[in-house]
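Lettering follows sequence order; numbering is per chain, from 1. All of these numbers come straight from a predicted model, not from anything done at the bench.
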Amino acid sequence: MTTPETAPISDFIRDIITDDLKTGKHTRIVTRFPPEPNGYLHIGHGKAVCLDFGSALEFNGECHLRMDDTNPSKESMEYVESIKTDIRWLGFDWGEHFYYSADYFERMYEAARTLIRNGKAYVCELSQEQWKEYRGIPTQPGKGSPFRSRPAEESLDFFARMRAGEFGDGTLCVRAKIDMASPNLHLRDPVIYRIMRVPHYRTGDAWCIYPTYDFAHPLEDAFEGITHSLCTLEFEVHRPLYDWFIAELGFEKKPRQIEFARLNVTYTVLSKRKLLELVQGGLVKGWDDPRMPTLCGLRRRGFTPESIRNFCHRIGITKFDGYTDIALLEFCLRDELNKTAPRAMAVLDPVKVVIENYPAGQVEWMEAVNNPEDPAAGTRKVPFSREVFVEREDFMEDAPKKFFRLAPGREVRLRYGYLVTCTGCVKDASGKVTEIRCTYDPATQGGNTPDGRKVKGTIHWVAASHAGRVELRLYDRLFKVEHPEAVPEGVDYKTNLNPESLKTIEAVVEPSVLQAAAGTRFQFERKGYVIADAIDSAPGKPVFNQIVPLRDSWTKT
RNA sequence: UGCCCGAUGGUGUAAUGGUAGCACAACAGACUCUGGAUCUGUUUGUUUGGGUUCAAGUCCCGAUCGGGCAACCA
C-alpha cells in the first residue's frame with residue numbers, strides 16, 4: 001500500500017529548503033515549533049507541527065521544540081506538559097532540543113542593552129495613550145517620541161532600574177529606534193521590553209520586565225541556529241522587523257522567516273481564544289472534549305495520529321487562506337480504520353426480533369470475520385438465539401421496493417446468522433413497533449445460501465440472550481454551520497453551536513465487545529467507528545465514543 | 001482613501017512559458033454476507049481587462065474580490 005504520507009512532499013517551503021541545500025546556503029536545516037504555553041494544541045498546530053518536524057525529518061535536519069513564554073500572564077506548566085504529550089502522540093520527537101524562551105531572558109536583556117548602546121533603542125516614558133498619537137496611522141507618518149534622542153547612558157541606567165523593579169507596570173518601556181515614517185506600523189519604534197509584575201511559571205519573580213514577541217523571536221531563532229523559521233501569514237508584516245533585529249545585532253547565521261497559511265476547518269473554530277471560551281463557558285466538557293478540534297480532543301474522540309498526519313499531508317502548504325472541509329479529516333480516519341479496525345456488531349436503537357421456528361433456549365456460536373479487509377485479523381464466535389435485537393430503522397411495515405431490509409414478507413440475511421423472513425410485527429397502543437416476528441431457514445446456517453439464492457439485504461444483530469449493554473456517545477459536528485465565525489456584526493458565533501453535537505445512548509453489543517480495553521477501536525458494522533473512551537471505561541464495562549459514522553449512501557425515498 | 005499578501009471545479013491542492021492533473025465532496029453504474037469497502041464513469045475550474053510571446057494558469061501593467069497590519073499579545 002502506498003500511503004500518501006510517504007509520498008514525496010513538495011510545496012513552496014520545501015522547495016526553498018531544497019534550493020538552500022543545493023546552493024550550499026545551508027548544509028543542514030534546523031526548524032522549530034514555538035508554541036506559547038497558554039492553551040492546548042489544536043489541529044491547526046498539528047499542521048505546523050507536521051511541517052516543522054516533518055520537513056526537518058525529510059531533509060535530515062532537526063526541529064526544536066521551544067516554549068515561547070515571554071508573556072507570563074497567560075502561561076502555565078499545565079500547558080507545557082500538554083503540548084509535549086500532544087506532539088509525541090502525533091509521532092514527533094525533538095530529541096535534546098527542548099527549550100524555553102525564558103531561559104534566554106538574560107541574553108535577550110544583554111541584546112537589548114547592545115541595541116541601546118548602539119543608539120538603536122531607547123527607554124521611552126510615553127504612556128500607551130500618548131503613544132497612539134505619536135505612532136500615527138497607516139496613511140500618515142508618526143512623530144518621534146520625545147525620548148527618542150535620550151543619551152544611551154541614560155537609557156541604560158533606566159533599563160537597569162526597570163529590571164530592578166523601580167517603576168510600575170506600563171510606566172516605561174524600551175523601544176527599538178527604527179522608522180517613524182514607515183508605512184509598516186511595526187517599524188515605528190516597536191516596544192521590545194515592557195514592565196510586568198507577574199510571576200513567570202518558569203523564572204518566578206526573577207524578572208519584572210519581559211521582552212516582546214517581535215524582539216524575542218528572531219533572537220531565539222538566532223541563538224538556536226534555526227535556518228528556516230516557519231510561521232503563519234499574520235506574521236508577514238513582522239518580517240522586516242525580524243530581519244532588522246538579526247541585522248542590527250550582527251548575527252552571522254541569519255534565520256529566514258517564511259510564512260504559510262494557517263489551517264481553517266469547516267464546522268469548527270481554531271482559535272485558542274474561542275476554544276478557551278468554550279471550555280470556560282462550560283459549552284464543552286473540557287479541552288479534551290471529543291467534540292473539540294484540539295489534539296487531545298481528537299485523540300479522545302478516537303482519531304489516530306496517522307489519520308491526522310495524513311490529513312496534514314493532504315491539505316498541503318500554501319499562502320492561500322482558505323477552508324478545508326472537515327470531511328477530508330473524516331475520510332482520513334475511515335481510510336485507515338477500514339483497514340485496521342476489527343468489526344463487531346452493535347445495535348444502537350434495538351427492537352426485538354422473535355424467530356418463531358427457532359428452538360427456545362438454543363444457542364449457536366456463529367463464526368464471524370473480524371476484518372474483511374485484513375484476513376490476518378481472523379475470526380470470532382458470536383452467539384445466536386431465538387430472540388435477537390436489530391436496528392429499529394432496519395424494519396419498515398410498509399417499505400418501498402428499494403428497502404433491502406426487514407419488512408413483512410421479505411427475506412434478509414442476519415449477518416453470519418441465518419436468512420430470516422419477516423412474518424409481521426407487534427405494536428403497542430401508540431402504534432410503536434415492539435416486536436418483529438420472523439421465521440428462519442435452517443439451511444442457511446452462518447448466513448450461507450447453499451442453493452445460491454441471492455439476498456439483497458444483510459443486517460447486523462445481537463442475540464438477546466447474550467446482549468451486553470454499553471454507553472455510546474454519538475458525536476456530531478461542534479457547529480451546525482460550515483463557517484461558524486462568519487456571523488453578522490453583533491451576533492455571537494456561539495449561536496452557531498450545534499445543540500445536537502452529543503447524544504448519549506445505550507447500545508446492545510455482542511459479548512466480545514465488553515472485553516475491550518480503554519483505547520480499543522472497532523467498526524460497529526453498518527454504523528461507524530468507535531473507541532472505548534480512555535477515561536470513562538472500566539474493565540468489563542467500556543464506554544464508547546463514536547469517532548465518525550460509516551458513509552451511508554442509502555437515500556430514503 | 002496607506003502598506004503587505006493572496007486568487008486554479010463545491011472544497012483543498014498540482015502544473016516552475018509548451019496537453020489544466022490529483023484528492024475530498026457530489027452524482028450514476030458494477031460488485032458485495034457491512035446500502036461499508038472496492039471498481040468504473042459523470043458533473044464542475046485558471047476572477048477580470050490589457051500587454052509581452054510562436055505559445056500565458058504561469059511573465060508585465062491595471063482593475064476587482066478576499067485576507068492581514070494601527071497590544072507594552074503571540
Side-chain angles (χ1 to χ4, degrees), chain A residues 4 10-12 15 34-36 38 68-71 73-75 124 126-128 131-132 135-142 169-175 182-188 190-196 209-210 212-214 216-217 231-240 259 261 266 272-273 311 314-332 334-335 338-339 343 345 368-369 372-373 402-405 412-417 419 444 446-449 454-460 482 523-528 549-555:
Chain A
S10 171
D11 55 56
F12 79 99
D15 288 347
E36 183 186 14
N38 68 345
D68 210 1
D69 50 8
T70 58
N71 182 355
S73 63
K74 299 188 284 185
E75 300 154 0
C124 181
L126 253 24
S127 68
Q128 289 184 54
W131 176 249
K132 273 190 183 172
R135 184 195 47 219
I137 55 176
T139 50
Q140 282 166 32
D169 287 15
T171 53
L172 299 186
C173 68
V174 180
R175 295 184 182 284
S182 173
N184 181 342
L185 282 314
H186 296 285
L187 258 22
R188 320 241 270 224
V191 171
I192 63 172
Y193 258 97
R194 75 283 214 190
I195 302 172
M196 283 177 97
I209 56 173
Y210 294 95
T212 56
Y213 167 87
D214 281 325
H217 212 83
C231 64
T232 44
L233 252 26
E234 66 268 29
F235 293 104
E236 217 156 13
V237 286
H238 296 243
R239 192 181 344 121
E259 311 84 14
T266 55
K272 279 190 189 173
R273 205 203 93 236
F311 171 77
R314 285 168 177 267
I315 58 179
I317 301 291
T318 65
K319 298 189 73 161
F320 177 69
D321 187 24
Y323 268 86
T324 295
D325 193 341
I326 198 168
L328 184 62
L329 212 211
E330 296 172 346
F331 165 81
C332 291
R334 291 193 189 103
D335 191 42
N338 175 48
K339 296 168 189 132
R343 313 288 131 123
M345 293 201 281
V369 174
E373 305 290 323
K402 291 286 187 75
F403 184 77
F404 306 133
R405 310 181 192 183
V412 300
R413 171 186 290 113
L414 293 179
R415 188 156 164 86
Y416 304 126
L419 263 55
T444 58
N448 299 305
T449 52
K454 295 286 182 209
V455 185
K456 241 346 198 163
T458 297
I459 63 175
H460 62 281
E482 209 171 356
Q523 181 200 97
F524 282 168
E525 293 216 37
R526 301 213 302 137
K527 298 312 291 184
L550 242 38
R551 283 185 46 169
D552 181 8
S553 63
W554 185 61
T555 44

Euclidean distance for P, B:C24 against B:U40 (whole angstrom): 12 Å
Any A:R334 side-chain nitrogen or oxygen under 4.0 Å from OP1 or OP2 of B:A37: no
Sugar-phosphate, base or nothing in reach of A:F524, heavy atoms under 4.0 Å: nothing
Of the listed nucleotides B:G35, B:C5, B:U34, the one nearest the side chain of A:K319: B:C5
Euclidean distance, atom CD1 of residue A:I459 to atom P of B:G36 [Å, nearest integer]: 16 Å
Sugar-phosphate only, base, or nothing, as touched by A:G322 at under 4.0 Å among non-hydrogen atoms: sugar-phosphate
Quiz item: A:R405 side-chain donor-acceptor pair to B:G35 base, under 3.5 Å: yes
Touch class at under 4.0 angstrom, heavy-atom based, for A:P372 against every strand present: base
Protein proximity profile, nucleotides 59-74 of chain B - base contact B, sugar-phosphate-only contact S, no contact -, cut-off 4.0 Å on heavy atoms: --------SBSBSBSB
Residue A:E373, side-chain atoms from C-beta onward, closest of B:G36, B:U34, B:G12: B:G36
Aromatic ring pairing A:Y213/A:H238, orientation class (parallel under 30°, perpendicular over 60°, tilted between): perpendicular
Sugar-phosphate only, base, or nothing, as touched by A:T266 at under 4.0 Å among non-hydrogen atoms: nothing
Derivation and outcome, side-chain contact (heavy atoms from CB on, under 4.5 Å), residues A:K74 and A:E36: CA-CA 9 Å; A:K74 299 188 284 185; A:E36 183 186 14; 4.3 Å; yes
Complementary nucleotide of B:G2, counting Watson-Crick and G-U pairs under 3.5 Å: B:C69
Any-strand Watson-Crick or G-U partner of B:U13, both distances under 3.5 Å: B:G21
Sugar-phosphate, base or nothing in reach of A:Q523, heavy atoms under 4.0 Å: base
Sugar-phosphate, base or nothing in reach of A:R413, heavy atoms under 4.0 Å: base
Sugar-phosphate only, base, or nothing, as touched by A:F320 at under 4.0 Å among non-hydrogen atoms: sugar-phosphate
A:R194 side chain near A:N71 side chain, heavy-atom distance below 4.5 Å: yes
A:L328, nearest nucleotide to its side chain (from B:U32, B:A23, B:G36): B:A23
Distance test, side-chain N/O of A:T318 to OP1/OP2 of B:U13, below 4.0 Å: yes
Salt bridge (charged side-chain N to carboxylate O under 4.0 Å, His left out) between A:E236 and A:K319, worked out: CA-CA 11 Å; A:E236 217 156 13; A:K319 298 189 73 161; 2.6 Å; yes
